[in-house]
Amino acid sequence: MTNAQATASDSPFIQGRNARLYGKPKSECPYPEGSEDRTAWMEAYDEAAVTDPPETP
């Protein structure tokens, strides 16, 4: 895939946010330690926990 074909949902930030929203563990981050993509994924994952409203029973 080239950058011209990439979509917003392909970004590590969106992937991290979606992982949290869909209940995936943080350990499933697909990016290598120390990479910018991993940092973005982790930040989005953590941010989703703060900005999303709690589920109501």
Side-chain angles (χ1 to χ4, degrees):
M1 177 185 305
T2 65
N3 285 341
Q5 296 172 331
T7 65
S9 63
D10 294 327
S11 80
F13 189 87
I14 298 299
Q15 290 176 6
R17 181 184 64 85
N18 288 345
R20 178 64 180 236
L21 296 177
Y22 290 105
K24 293 184 178 182
K26 204 172 188 180
S27 61
E28 285 195 21
C29 178
Y31 299 102
E33 291 280 341
S35 70
E36 289 182 20
D37 288 343
R38 184 178 183 89
T39 299
W41 194 99
M42 292 291 188
E43 286 177 1
Y45 188 96
D46 291 340
E47 188 176 294
V50 175
T51 60
D52 293 330
E55 292 185 28
T56 54

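All figures in this text were calculated on a predicted structure; none of them were measured in a lab.
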* **side chain to side chain contact (heavy atoms under 4.5 Å, CB included) against Thr39, all qualifying residues, sequence neighbours excluded** => Glu43
* Structure fact -> Across all chains, not counting sequence neighbours, the ring pair (Phe, Tyr, Trp, His ring centres under 6.0 Å) partners of Phe13 are none
* **salt bridge (Lys or Arg N to Asp or Glu O under 4.0 Å) partners of Glu28, counting only residues at least two apart** => none
* Asked: Are the side chains of Lys26 and Trp41 in touch, meaning some heavy atoms are under 4.5 Å apart?
  -> yes
* To do: Can you sort out the partners of Lys24 under salt bridge (Lys or Arg N to Asp or Glu O under 4.0 Å), two or more places apart, ordered by chain and number?
  => none
* Side-chain H-bond candidate by donor/acceptor type, Tyr31 with Glu36, under 3.5 Å -> no
* **pair Arg38-Glu33: side-chain heavy atoms closer than 4.5 Å** => yes
* If you round to the nearest 0.5 Å, how far is OH of Tyr45 from CG of Asn18? -> 12.0 Å
